[in-house]
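Structure, as structure tokens:
Naming convention: chains lettered A, B, ... in sequence-line order (proteins, then strands); numbering from 1 in each chain.
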Amino acid sequence: MRKIWWKIACVCLLVYTFIAGILLDVPHVPALQETIRNLYFHVCMWFAMMILFSVSLYNAIMYLRHFDLKYDVNARQYAAVGIVFGMLGYGTGAIWMSYTWADPNNPAFQSFSAIAREPKLIGAAIGLLVYFAYMVLRDSINDMDKRARISSVYNIFAYAMLFPSIWIIPRILPSLHPGQEGNPALNTSDIDGRMRLIFYPAVIGWTLLGVWITTLKIRLKLLNDKKILS
Amino acid sequence: MKRLKQLLLAITGLFITFMAQAQDVKKVEMADMMRSNGRIYVVVAVMLTILAGLILYIVRLDRKISKLENGN
């Protein structure tokens with residue numbers, strides 16, 4: 001294990017998140033109640049996804065500048081782990097909203113139809129599908145250089161597509177999701193100092209975990225490639 | 001001196017009304033039961049066990065890959 005310190009930091013931050021996130025006091029908000037603690041888990045998934053996709057974009061651009069296949073491997077693995085975090089964010093969001101947005105006075109089916117129209121959900125689904133398409137596109141091209149070049153260009157478009165689908169359009173349309181007039185979980189009206197104390201370490205911890213998994217995948221891929229070439 | 005006293009009295013009165021207002025806010029129901037009987041620590045223990053298991057898994061994978069890298 002080379003460069004071990006950030007892995008230790010990752011473990012410490014995650015343990016801190018799990019203990020402090022459950023035990024420390026949180027603001028008493030009607031409708032959310034104790035579920036406000038999901039901020040340390042659900043929201044962090046999206047933050048980690050966004051950071052991992054950004055690193056993937058950086059590697060895609062570096063590939064197009066230098067045509068070194070190493071960057072292409074990086075870009076693919078970061079995008080893959082980003083997708084995993086995105087799906088976790090989507091799943092946790094689905095669980096959370098079905099307990100806090102669903103109207104108890106409505107029959108379940110009606111309130112589900114109201115939730116399914118939620119622009120944030122549709123936007124997130126579109127953003128993730130664009131990245132699924134990135135994987136499909138990559139793996140359908142056999143020639144290594146052509147695959148790297150086409151998928152790097154597509155990666156840049158996919159990243160650009162994230163902005164309208166998860167950042168802009170859900171803000172324009174009426175939505176139940178908090179953070180309509182700003183960045184959810186970042187502006188002062190959403191969370192107070194007590195939660196910030198756990199939220200920021202949690203974001204860093206989850207992101208480091210994502211990076212750790214990605215580095216393992218990259219190293220495995222490079223080992224595999226070496227085996228094929230030799 | 002008298003004016004100062006009056007001023008102090010006015011400020012104290014203001015604070016009392018604030019405090020009275022603050023107590024009027026409707027109490028939001030939280031999981032106080034879980035906290036008072038200590039069951040919340042069971043949840044923390046379960047979550048930490050899962051986290052520990054996942055981290056151990058990753059560490060072992062990391063070690064294995066390092067060994068493979070050194071072997072070649």
Enter the distance from B:Leu68:CG to A:Arg219:CZ here, rounded to the nearest 0.5 Å.
-> 10.0 Å
One should read off an interatomic distance between A:Thr17 OG1 and B:Met47 CE, to the nearest 0.5 angstrom, of 10.0 Å
Do [X] and [Y] have side chains that approach each other closer than 4.5 Å (heavy atoms only, starting at C-beta)?
X       : Y       : result
A:Phe18 : B:Val44 : no
A:Leu23 : B:Tyr41 : yes
A:Lys7  : B:Val59 : no

Considering only heavy atoms and a distance below 4.5 Å, find which of A:Leu209, A:Val15, A:Leu222 pairs most often with chain B.
-> A:Val15
Look at the side chain of A:Glu34 and the backbone N and O of B:Met30, then say whether any donor-acceptor pair between them is shorter than 3.5 Å.
-> no
So, are A:Lys226 and B:Glu69 salt-bridged, with charged N and O less than 4.0 Å apart?
-> no
So among A:Leu220, A:Ile213, A:Leu216, which one has a side chain to side chain contact (heavy atoms under 4.5 Å, CB included) with B:Leu61?
-> A:Leu216
In terms of heavy-atom pairs under 4.5 Å with chain A, which of B:Leu51, B:Ile55, B:Val43, B:Ile40 leads?
->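 Top option by heavy-atom pairs under 4.5 Å: B:Leu51.
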For the [atom1] atom on [X], are there more than 12 heavy atoms of other groups (residues, nucleotides or ligands in this structure) within a distance under 6.0 Å?
X        : atom1 : result
B:Arg39  : CZ    : no
A:Asn142 : CG    : no
A:Met62  : CE    : yes
A:Tyr58  : OH    : no

